[in-house]
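Below: the structure, in structure tokens.
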Amino acid sequence: MRKLKTTGMVLLVALALVAGGIWGYLWYSTKQQIEQIAALAKPFADISYGGIAISPSGSIAVNRLRVILPALDDYLTIGSLRLGAPNLLELLKTQWQLSRGELPQALALSLQQFEIPLDGSLLGANQEALAQRSPFDDLEALGCGPVLSFGAAEWRELGYNKLSGDLTVGYRLDSARKLLELQFDSHNADWAMVNVDVGLATSGPVSSLLALAASPAPKLSKLNVVVRDQGFNRRRNNYCAAKAGKTVDAYITEHVRLLEDRLRANGIYPGQGLLEAYRQYLADGGRLAITASPAAPIEPTELQFYKPGDAVKLAGLTLAVNDQPVSDLSVNWDGTKIARALKAKPQSAPEPDQAEIRPAPPATAASVAMQQRTFRAVTVTELNRHVGKMAKLTTANNARYTGKLNTISEGNVTITIFKPTGSATLSLRNKDIIEAEILY
């Protein structure tokens, strides 16, 4: 028994020494990094902090962080800047992994109790930014009487002097499922809570930054966005109703009407279901939830080649206000008008037809340096290299099929066709295909 007690004590002492060594290493390493960053930033910013704290659960925090920006006459404070890992050992490995270009399995960065003045240079709009504003800016001020945009004075009148709250950004790698999950959580008191959860399917296991950069663009496998009103809607409604000299209901009606007019004038045509959902969220506050659950992972850039209604169906989009599903998600848009409103050059892309997607016009010599995605001819035997891409197939009887290329088996090719009424998967025999084109 005595030997057992002695062995137990030795183990406890050894564990304490190991834990102390880990704690000391992490504390000293973090202190060095903070001081190096402060020294490098000295010409532009004055960085100070109150202390470093390490949690046994797997996180390390720099507390009472203050950043003063003399050139901008502005500052920001952070109660706690915290880096979190699944456990203490994983946190210990993080610096070593990153130095070798490896990606840790999971990381999260949290800013707790941060504060930024709303009238400072960081958040205040400068003259250059004001000159570059588009018709899609300042939509929140529509119908607000003489108020055309919300600046420092308007935020003060609404009762906001600073942007404050908590913010967490993190990711998790699931190598077995070839999935990269991203999380974004924001909580701003008396304003709103926002939670975003994104799932991205990768082409293979991602173990390093280099592998992530070199791999094909990940595809969207899921999207969950939840916005919870924390009082901003009520404040804005009362404020703008008073400015416009109307009741709150009359202001909301006018705001939604002006918003619809502004969007339609610039190429976005929301259906009545979306407008009514927005009206309900303004009036009742509460919870707005958007989800995307595609049947198979999709590349978001491919959605531009579908009609808006088909894109909504393909992405599996749903919308709910206060847990009440919105059945009418009809929407349309004009890419040329939107690009003009944003003062951006519209992308040359195939335009959808009811039966197929037409190929883009041939690139001119001036545009060779920046080739646009278009349909390019391939042989039938090469189709197995393009599974998951948009394809155009022509058969011997002159039937043409445009859709997503699925499985390629011996003697057969399957392709999923998307139409306004839904989707259908067809199986074509290789010997019947006389022409094949792939979008890339």
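This chain uses plain numbering: 1 for the first residue, then up along the sequence.
- The side-chain hydrogen bond (donor to acceptor under 3.5 Å, both in side chains) test applied to Thr168 returns Ser110, not counting sequence neighbours.
- Side chains of Val378 and Glu437 form no contact here, defined as non-hydrogen atoms less than 4.5 Å apart.
- Remark: Asp138 engages Arg133 in a side-chain hydrogen bond (donor to acceptor under 3.5 Å, both in side chains) (not counting sequence neighbours).
- Residues Gly285 and Asp229 approach most closely at CA-OD2, 3.7 Å, considering heavy atoms.
- Sorted by first and then second residue, the salt bridge (charged side-chain N to carboxylate O under 4.0 Å, His left out) pairs with a member in residues 230-241 read Asp190-Arg235; sequence neighbours excluded.
- Leu88 places a side-chain heavy atom less than 4.5 Å from the side chain of Ile54.
- Across all non-hydrogen atoms, the minimal contact from Ser427 to Asn412 is OG-OD1, 3.7 Å.
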**Worked verdict on Gln97 versus Thr94 for side-chain hydrogen bond (donor to acceptor under 3.5 Å, both in side chains)** = CA-CA 5 Å; Gln97 288 175 308; Thr94 296; 4.8 Å; no
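- Under a cutoff of 6.0 Å and an axis angle of 45°, Arg66 and Tyr75 form a cation-pi pair.
- Side chain of Glu382 to main chain of Thr379: a donor-acceptor pair is present (N/O by atom type, distance under 3.5 Å, no hydrogens or angles).
- For residues 167-192, the set of pairs meeting the ring-ring contact (aromatic ring centres under 6.0 Å, His included) definition, not counting sequence neighbours, comprises Trp155-Trp191, Tyr160-Trp191, Trp191-Phe232.
- By the 4.5 Å heavy-atom criterion applied to side chains, Phe114 and Leu81 are not counted as neighbours.
- A distance of 8.0 Å separates OG1 in Thr202 from CG in Leu173, rounded to the nearest 0.5 Å.
- Counting only distance, with no hydrogens or angles, the side chain of Gln324 and the backbone of Val321 share no donor-acceptor pair below 3.5 Å.
- At least one side-chain heavy atom of Val413 sits less than 4.5 Å from a side-chain heavy atom of Asn430.
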**Message:** side-chain contact (heavy atoms from CB on, under 4.5 Å) for Leu329 and Leu319? Distances and angles first, verdict last.
**Reply:** CA-CA 8 Å; Leu329 296 181; Leu319 172 65; 3.7 Å; yes
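- Applying the side chain to side chain contact (heavy atoms under 4.5 Å, CB included) rule to Asp261 yields the partners Arg257; only residues at least two apart in sequence or on another chain are considered.
- Legend: residues meeting side chain to side chain contact (heavy atoms under 4.5 Å, CB included) with Gln113, ordered by chain and number and at least two apart, are Asp166.
- To the nearest 0.5 Å, atoms CZ (Arg82) and CD (Gln112) are separated by 5.5 Å.
- Looking at heavy atoms from C-beta onward, Val196 lies out of side-chain contact with Asn224 at the 4.5 angstrom threshold.
- Once rounded to the nearest 0.5 Å, the distance linking CE of Met390 with NZ of Lys404 reads 8.5 Å.
- Every residue two or more places apart in sequence or in another chain that forms a side-chain hydrogen bond (donor to acceptor under 3.5 Å, both in side chains) with Thr291 is listed here: Thr318.
- Lys307 has no carboxylate O lying under 4.0 Å from a charged side-chain N of Asp310, or vice versa, which leaves the two without a salt bridge.
- Distance check, rounded to the nearest 0.5 Å: CD1 of Ile116 to CG of Leu76 gives 5.5 Å.
- Every residue meeting the side-chain hydrogen bond (donor to acceptor under 3.5 Å, both in side chains) condition with Ser80, not counting sequence neighbours, appears here in chain and number order: Asn63.
- A donor-acceptor contact closer than 3.5 angstrom links the side chains of Asn188 and Ser186.
- Considering only heavy atoms from C-beta on, Phe136 comes within 4.5 Å of Ile268 through its side chain.
- At most 12 non-hydrogen atoms from other residues, nucleotides or ligands lie less than 6.0 angstrom from CZ of Arg429.
- Closest approach of Ala85 and Leu107 over heavy atoms only: CB-CD2, 4.4 Å.
- Between Leu220 and Glu299, every side-chain heavy-atom pair lies at or beyond the 4.5 Å cut-off.
- Taking each heavy atom of Leu258 and Gly143 in turn, the nearest pair found is CD1-N, 3.4 Å.
- Under the rule for a salt bridge (charged side-chain N to carboxylate O under 4.0 Å, His left out), Arg64 has no partner lying at least two apart in sequence or in another chain.
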**Message:** Assess the residue pair Asp197 and Lys222 against the criterion (side-chain contact (heavy atoms from CB on, under 4.5 Å)); give the C-alpha distance rounded to whole Å, side-chain angles, the decisive distance to 0.1 Å, and a yes or no.
**Reply:** CA-CA 8 Å; Asp197 181 14; Lys222 69 173 181 177; 3.4 Å; yes
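- Applying the salt bridge (charged side-chain N to carboxylate O under 4.0 Å, His left out) criterion to Asp334, with sequence neighbours excluded, gives no partner residue.
- The two residues Val387 and Asn384 have their closest heavy-atom pair at CG2-O, 3.8 Å.
- Remark: Lys162 NZ is loosely packed, at most 12 non-hydrogen atoms of other residues, nucleotides or ligands lying under 6.0 Å away.
- Heavy-atom contacts from other residues, nucleotides or ligands closer than 6.0 Å to OH of Tyr269 number more than 12.
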**Message:** Let's go through Leu405 and Lys389 carefully: what are the C-alpha distance in whole Å and the side-chain angles of both, what is the deciding distance for side-chain contact (heavy atoms from CB on, under 4.5 Å) to 0.1 Å, and is it a yes or a no?
**Reply:** CA-CA 6 Å; Leu405 197 62; Lys389 295 181 181 178; 5.6 Å; no
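- A distance of 14.0 Å separates NZ of Lys219 from CG of Leu179, quoted to the nearest 0.5 Å.
- Across every non-hydrogen atom of Ile434 and Thr395, the tightest pair is CD1-O, 3.5 Å.
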**Asked** Does the side-chain contact (heavy atoms from CB on, under 4.5 Å) test come out yes or no for Glu181 and Asp174, once each step is laid out?
**Response** CA-CA 8 Å; Glu181 295 182 321; Asp174 188 337; 5.7 Å; no
Throw together a table of side-chain donor-acceptor distances under 3.5 angstrom for residues 272-281, partners on residues two or more places apart or in other chains.
from, atom 1, to, atom 2, distance (Å)
Glu276, OE1, Arg279, NE, 3.2
Tyr278, OH, His255, NE2, 2.8

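- The side chain to side chain contact (heavy atoms under 4.5 Å, CB included) test applied to Arg262 returns Pro135, Leu139, Leu142, Asn266, not counting sequence neighbours.
- Put simply, CD1 on Ile433 and CG on Leu393 are 5.0 Å apart, with the number rounded to the nearest 0.5 Å.
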